[in-house]
Peer 1: 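Sharing a structure here in structure tokens format.
All of these numbers come straight from a predicted model, not from anything done at the bench.
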Amino acid sequence: MKILLLSAYTARSHQYWIDSLLNMFPNDHWTVLSLPPRYFSWRIRGNSLSWAYNERDTLEQHYDLIVATSMVDLSALRGLVPAIARIPTLVYFHENQFAYPLSSNQQGQQVEPQILNLYTALAADCVVFNSEYNRASFLDGATQLLKKLPDHVPNNLVPLIRDKSHVVAVPIRDITHPDSPQCSSATRFSIVWNHRWEYDKGVDQLLACLQKLPSELDLTFHIVGQAFRQTPKSMTNVLECLKERDWLGQCGYIENRHGYLSLLQKTHAVLSTALHDFQGLSVLEACLSGCWPIVPNRLAYREFIPESNRYFDGFGKIGRAKIQEAESAAELMTSIYAQWHRNELPRFSSPQCNAVLVDTLTPQYKALFSACLQTR
């Protein structure tokens, strides 16, 4: 097939997905148009203009299928470039704007991105979400938004999207689960927190969790996520806390993927304090490398991580509940630490996590492409 792939806001996880698709289907002819992940408001509203008038020759080529991310303003792009209007189109939702936690700078700015998500889903022939949590929160959010609109709102929009929706995860590749515990001889228990250093990954929650851990534990914490110009202030407190307790291991983003995967294979556990994860690629990569997950009982983690490895969810609650979340995370971490200390901790393995591997998901993507082609 000749496939046009449109990625309007190509964050690292989106690029990972693109690379996976191209590797999974090397016999198809792919044309990729992507835009950088910056200037969010302009990017989601302006991608149709950018492409329609900067990439018109590319868009007007013959394609059998269009695969687009949810950030693509598909309804506008089809109007501006009529040549693509009749090509079967699959839209992939890595996330949705209805369940994305807002920073203090974004309050009051969420309605237009939500409307654009809604229009794109309606314009697509096939809508795919990377988790059931993503699909459910999108459909629920769209329902709530439509109830707030003043008049002339069609009553069948959400069912239309639901009926053409599917759930297929982002495929994870390059992971080799160790046959034997590579970290069995380690003298300290190691934990990795491998998320972006941003507000939505729960840096405040991470600090609260660390403060609840007994200081006498023999730990190494690797804080290896990607940092940006605006880093949450509490990250400074996190690093100071780890240094004071002599717990800080590797710190900062690891550019080399081989080095990153090597670290995961030598680490005992992976911790998440995230306020948003529509699939949780970094946690799943760690789990598939043998790390024991310590994650909140929320978001997409309920689909991929066993209940025994999910701690109390206190996000969005007040008072004692917030403290309970930190205590619950620390308690789960201490329990896994105790198993390691008794030499009773094998490398983690779970069928729920294995379900996102490339070999498992390739047939599902192939079936999706075939189903989308039959819509026209």
Peer 1: Could you state whether Tyr253 and Val203 fall into the same hydrophobic cluster, counting links through intermediate Ile, Leu, Val, Met, Phe, Trp or Tyr residues with side-chain heavy atoms under 4.5 angstrom apart?
Peer 2: no

Peer 1: Salt bridge (Lys or Arg N to Asp or Glu O under 4.0 Å) for Arg45 and Asp73? Distances and angles first, verdict last.
Peer 2: CA-CA 7 Å; Arg45 198 65 186 94; Asp73 188 2; 2.7 Å; yes

Peer 1: Does the pair Cys372 and Leu368 meet the rule for a side chain to side chain contact (heavy atoms under 4.5 Å, CB included), with working shown?
Peer 2: CA-CA 6 Å; Cys372 192; Leu368 278 176; over 6 Å; no

Peer 1: Say you draw a straight line from CG of Leu275 to NE2 of His195; how long is it, rounded to the nearest 0.5 Å?
Peer 2: 10.5 Å

Peer 1: Search all heavy atoms of Met333 against all heavy atoms of Cys209 and return the closest pair with its distance.
Peer 2: CE-SG, 3.7 Å

Peer 1: Carefully, step by step, assess Tyr311 and Thr273 under the rule side chain to side chain contact (heavy atoms under 4.5 Å, CB included).
Peer 2: CA-CA 10 Å; Tyr311 58 82; Thr273 52; 3.7 Å; yes

Peer 1: For Phe221 and Leu213, run side chain to side chain contact (heavy atoms under 4.5 Å, CB included): C-alpha distance rounded to whole Å, both residues' side-chain angles, the deciding distance at 0.1 Å, then the answer.
Peer 2: CA-CA 12 Å; Phe221 264 91; Leu213 286 169; 4.1 Å; yes

Peer 1: Please check: side-chain N/O of Ser190 versus main-chain N/O of His268, any donor-acceptor pairing under 3.5 Å?
Peer 2: yes

Peer 1: If you draw a 6.0 Å radius around NZ in Lys2, do more than 12 non-hydrogen atoms from other residues or ligands fall strictly inside?
Peer 2: yes

Peer 1: What heavy-atom pair brings Trp292 and Pro346 nearest, and what distance separates the two atoms?
Peer 2: NE1-O, 2.7 Å

Peer 1: Can you confirm if the aromatic rings of Tyr365 and Phe25 lie within a centre distance of less than 6.0 Å?
Peer 2: no

Peer 1: According to the interplanar angle, ranging from 0 to 90°, do the rings of His94 and His14 count as parallel (below 30°), tilted (30 to 60°) or perpendicular (above 60°)?
Peer 2: parallel

Peer 1: With distance as the sole test, does Trp247 use its side chain to make a donor-acceptor pair with the main-chain N or O of Leu217 at under 3.5 Å?
Peer 2: yes

Peer 1: If you look at every heavy atom in Leu261 and Ile175, which pair is closest and at what distance?
Peer 2: CD2-CD1, 3.5 Å

Peer 1: Using the side chain to side chain contact (heavy atoms under 4.5 Å, CB included) rule, take Ser137 and Phe98 through it: C-alpha gap first, then chi angles, then the decisive distance, then the call.
Peer 2: CA-CA 7 Å; Ser137 59; Phe98 295 99; 5.9 Å; no

Peer 1: Check for me, please, whether Val170 and Val168 land in the same ILVMFWY cluster - side-chain distances under 4.5 Å, paths through other members count.
Peer 2: yes

Peer 1: Without swapping roles, check the side chain of Arg162 against the backbone of Leu139 for a donor-acceptor pair under 3.5 Å.
Peer 2: no

Peer 1: Determine whether Trp17 and Leu281 make a side-chain contact, defined as any pair of heavy atoms from C-beta on separated by less than 4.5 Å.
Peer 2: no

Peer 1: Between the side chain of Arg78 and the main-chain N/O of Ala123, is any donor-acceptor distance below 3.5 Å?
Peer 2: yes

Peer 1: Do other residues, nucleotides or ligands put more than 12 heavy atoms under 6.0 Å from the CZ atom of Arg342?
Peer 2: yes

Peer 1: Is the shortest side-chain heavy-atom distance between Ser272 and Asn194 below 4.5 Å?
Peer 2: no

Peer 1: In terms of the angle between their ring planes, are Phe40 and Tyr9 parallel, tilted or perpendicular, with boundaries placed at 30° and 60°?
Peer 2: perpendicular

Peer 1: Do Trp193 and Val238 come within less than 4.5 Å of each other through their side chains, counting heavy atoms only?
Peer 2: no

Peer 1: Looking only at non-hydrogen atoms, find the nearest pair between Asn354 and Ser349 and report the distance.
Peer 2: ND2-OG, 4.3 Å

Peer 1: I need the single residue from Leu122, Thr120, Leu116 that forms a side chain to side chain contact (heavy atoms under 4.5 Å, CB included) with Leu118. Which is it?
Peer 2: Leu122

Peer 1: Can you confirm whether the side chains of Asp57 and Gln61 place a donor and an acceptor under 3.5 Å from each other?
Peer 2: no

Peer 1: Whether Arg135 and Glu132 form a salt bridge (side-chain N of Lys/Arg under 4.0 Å from carboxylate O of Asp/Glu) is what I want to check.
Peer 2: yes

Peer 1: For residues Cys291 and Leu264, report the shortest heavy-atom separation together with the two atoms involved.
Peer 2: SG-O, 3.2 Å

Peer 1: For the backbone of Ala99 and the side chain of Asn96, can you confirm whether one donor and one acceptor N or O come within less than 3.5 Å of each other?
Peer 2: yes

Peer 1: Measure from NZ or CZ of Arg56 to the centre of the six-membered ring of Tyr53, then state whether that distance is under 6.0 Å and the direction lies within 45° of the axis.
Peer 2: yes

Peer 1: Work out which heavy atom in Arg188 is nearest to a heavy atom in Asp246; give both atom names and the distance.
Peer 2: NH2-O, 2.8 Å

Peer 1: Does any non-hydrogen side-chain atom of Arg245 lie less than 4.5 Å from one of Leu210?
Peer 2: no

Peer 1: Taking Arg298 for its side chain and Ala274 for its backbone only, find out whether a donor-acceptor pair lies under 3.5 Å.
Peer 2: yes

